[in-house]
Visitor: 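Please read through the structure below; I'll follow up with questions.
FYI, side chains are in, hydrogens and waters are out, and symmetry mates aren't considered; it's all heavy atoms of this structure.
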Amino acid sequence: MTNPAIAAFIKAHQHQMIDFRRDLHAHPELPWDEIRTTQQIAKALDELGIPYRLTTPTGIIAEIQGGKPGKTVGLRADMDALPILELNDDLSYKSHTPGKMHACGHDAHTAMLLSAAAALNSIRSQLPGNVRLIFQPAEEIAEGAREMVNQGAMEGVDNVFGIHIWSQMPSGKVSCKVGSSFASADLLKVSFKGRGGHGSMPEACVDAAVVASSFVMNLQSIVSRETAAQDSAVVTIGKMEVGTRFNVIAENAVLDGTVRCFTLETRERLKTAIERYAEHTAAIYGASAQVDYTYGTLPVINEERSALLAQSVICDAFGDAALMTERPTTGGEDFSFYMEKAPGCFALVGCGCPQKGSDFAHHHGCFNIDEDAMATGAELYAQYAWRYLHQDSF
């Protein structure tokens with residue numbers, strides 16, 4: 001069962017949680033520059049009497065020591081903003097820094113985890129085990145989770161749980177499906193080298209623009225003809241730099257893109273196929289190719305027992321109608337690196353409400369959240385930890 005004291009505590013302190021989130025929203029900081037954000041979290045933890053240590057260069061790892069021996073459950077929130085101009089001109093807490101914005105909800109994640117920490121700390125004598133609090137920087141560039149793990153965030157952690165606020169779902173709804181939730185997100189750079197020359201004499205040249213164009217046009221066959229229909233995948237070339245002048249045949253072309261999928265096996269097949277397509281396309285035209293494939297985040301695959309536990313908590317805390325099953329997204333999430341170290345799951349908390357203007361897509365300049373959803377997220381963090389620690393076996 002859920003703990004009614006947790007729900008009552010979060011409800012009683014909801015305004016403080018919202019105020020904290022609004023303060024962070026007004027002062028967004030980009031990845032690895034979350035200095036003020038870290039200081040604000042540390043100040044709040046000091047006031048609660050929760051011990052913590054600072055990570056380098058930003059971030060915090062804290063721990064609530066339970067009154068009884070037991071396991072350790074980790075709760076993670078990310079805290080970085082994006083290089084996006086905020087368009088919410090009517091907000092009293094609009095970003096004070098033009099070109100920087102909390103356009104993904106990390107300000108809410110941080111505030112929700114702090115609220116959950118305060119609730120759990122108020123009943124820590126009843127906890128059979130410990131709660132690790134991970135306030136993570138640099139999620140938006142898929143570097144923060146790996147670095148937090150390197151600095152000891154998962155040492156001694158038996159299970160890990162995370163939340164993302166989700167504008168595509170209605171407020172009051174929560175999803176934590178078993179299996180794939182977020183895709184892997186890799187970076188791709190393909191460089192073609194031909195032979196430049198005068199635009200009037202193509203027979204003496206190898207046109208890198210033609211090579212690159214042919215590669216882009218054929219690339220989608222990797223998804224449509226080399227990937228099983230049951231295995232979703234996305235291969236996108238988002239940027240192409242080719243040529244220097246209108247009457248000069250291009251010698252070089254550089255393409256940048258991303259690759260998304262839900263299994264490690266599919267990921268390796270895509271990488272191998274992209275390398276083959278680039279090499280063979282270049283050979284057709286007498287050019288050369290180089291593929292730089294950078295592994296980003298792993299797919300987020302919710303462990304079955306953890307996800308079923310989260311679903312049980314959702315139904316007990318908010319009613320059966322609150323539980324929904326959101327389809328997996330091809331967005332990336334570096335929470336996956338925590339689940340390399342311990343089983344766990346990642347939930348989506350709906351914050352979409354057209355009447356409140358909180359249904360814009362993540363990373364949009366008008367993105368905002370229905371702040372009523374924050375109480376749901378904070379309670380879910382805390383109740384998940386409570387239930388996990390009170391299980392006799394898991």
Side-chain angles (χ1 to χ4, degrees), residues 10-11 13-44 58-59 77-115 135-142 144 163-174 182 185 236 238-239 258 326 329-334 348-378:
I10 289 171
K11 183 177 181 180
H13 295 83
Q14 186 169 354
H15 290 300
Q16 293 98 310
M17 175 173 56
I18 291 173
D19 288 345
F20 192 91
R21 179 254 168 176
R22 291 184 175 187
D23 175 72
L24 296 187
H25 192 92
H27 301 90
E29 295 175 308
L30 299 183
W32 297 129
D33 194 37
E34 308 94 336
I35 297 170
R36 181 185 182 277
T37 304
T38 299
Q39 292 171 343
Q40 292 296 97
I41 297 168
K43 180 181 176 182
T58 52
D78 41 13
M79 60 188 199
D80 54 325
L82 287 154
I84 291 175
L85 177 67
E86 179 153 22
L87 303 178
N88 295 314
D89 293 331
D90 58 337
L91 288 185
S92 61
Y93 51 93
K94 179 186 175 182
S95 171
H96 292 179
T97 309
K100 297 180 183 180
M101 178 192 175
H102 271 291
C104 203
H106 297 185
D107 51 347
H109 301 165
T110 299
M112 289 171 354
L113 183 53
L114 272 174
S115 181
F135 294 93
Q136 178 204 310
E139 187 280 331
E140 293 293 355
I141 56 174
I163 288 176
H164 205 302
I165 210 85
W166 207 240
S167 67
Q168 296 167 229
M169 285 168 44
S171 291
K173 300 292 186 180
V174 186
F182 280 70
T236 294
K239 181 182 178 183
T258 185
E326 180 75 349
T329 173
T330 47
E333 235 299 341
D334 70 357
L348 301 175
V349 173
C351 68
C353 180
Q355 293 78 14
K356 297 180 180 180
S358 64
D359 56 341
F360 283 91
H362 294 257
H363 294 207
H364 191 284
C366 289
F367 177 84
N368 201 6
I369 69 166
D370 177 3
E371 291 177 322
D372 289 340
M374 292 177 64
T376 300

Visitor: Can you name the one residue among H96, H102, H106, E86 that meets side chain to side chain donor-acceptor pair (under 3.5 Å) with H25?
Guide: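 One option only clears the test, and that one is E86.
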Visitor: Do the side chains of E371 and K356 get close enough for a salt bridge, i.e. N-O under 4.0 angstrom?
Guide: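 Looking at E371 and K356, the cut-off is not met.
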Visitor: How many angstroms lie between atom OG of S167 and atom CG of D370, to the nearest 0.5 angstrom?
Guide: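 Answer rounded to 0.5 Å: 11.5 Å.
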Visitor: State, yes or no, whether a side-chain contact exists between N368 and Y93 at a heavy-atom distance under 4.5 Å.
Guide: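 Sidechains of Y93 and N368: in contact.
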Visitor: Considering all heavy atoms of both residues, which atom of T58 and which atom of I35 are nearest to each other, and what is their separation?
Guide: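 Shortest heavy-atom contact: CG2-N, 4.0 Å.
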Visitor: Taking all non-hydrogen atoms of both residues into account, name the closest pair between N88 and M101 and its distance.
Guide: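 Shortest heavy-atom separation between N88 and M101 comes out as ND2-CE, 3.9 Å.
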Visitor: Do the side chains of E29 and T97 get nearer than 4.5 Å, heavy atoms only?
Guide: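 Heavy-atom side-chain distance check fails, nothing below 4.5 Å.
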Visitor: Which distance, rounded to the nearest 0.5 Å, do you find between the NE2 of H364 and the CG of L82?
Guide: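 H364 NE2 to L82 CG: 13.5 Å, rounded to 0.5 Å.
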Visitor: Can you give me the closest heavy-atom contact between M17 and S115, atom names plus distance?
Guide: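 Reported closest heavy-atom pair: SD-CB, 3.5 Å.
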Visitor: Considering only heavy atoms from C-beta outward, does the side chain of Q136 approach that of H109 to under 4.5 Å?
Guide: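 No, every pair of side-chain atoms sits at 4.5 Å or beyond.
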Visitor: Would you indicate whether the side-chain heavy atoms of L348 and K173 approach each other to under 4.5 Å?
Guide: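 A side-chain contact under 4.5 Å is absent here.
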Visitor: Can you check whether T329 reaches Q168 side chain to side chain, under 4.5 Å on heavy atoms?
Guide: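 T329 vs Q168: side chains apart.
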Visitor: Provide the closest heavy-atom pair for E139 versus G332 in the form atom of the first, atom of the second, distance.
Guide: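 The pair with the smallest heavy-atom distance is OE2-O, 3.8 Å.
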Visitor: So how far is it from T376 OG1 to I10 CD1, rounded to the nearest 0.5 Å?
Guide: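 Spacing of OG1 (T376) from CD1 (I10) equals 9.5 Å.
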Visitor: List the atom of F360, the atom of C366, and the distance in Å for their closest heavy-atom pair.
Guide: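 Looks like CD1-O, 3.6 Å.
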Visitor: Does some side-chain heavy atom of M79 sit less than 4.5 Å from a side-chain heavy atom of T38?
Guide: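 With C-beta onward as the side chain, the pair touches.
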Visitor: Is there side-chain contact between D89 and K94, with at least one heavy-atom pair below 4.5 Å?
Guide: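 Contact flag for D89/K94 side chains = yes.
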Visitor: For D23, give me all partners under salt bridge (charged side-chain N to carboxylate O under 4.0 Å, His left out), at least two apart in sequence or on another chain.
Guide: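 Salt bridge (charged side-chain N to carboxylate O under 4.0 Å, His left out) list for D23, sorted by chain: R36.
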Visitor: From H164 NE2 over to C351 SG, what is the distance, rounded to the nearest 0.5 angstrom?
Guide: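 H164 atom NE2 to C351 atom SG measures 9.5 Å (nearest 0.5 Å).
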Visitor: Measure the shortest side-chain to side-chain distance between W32 and P137 over non-hydrogen atoms and say whether it is less than 4.5 angstrom.
Guide: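 In short, these two side chains touch, coming nearer than 4.5 Å.
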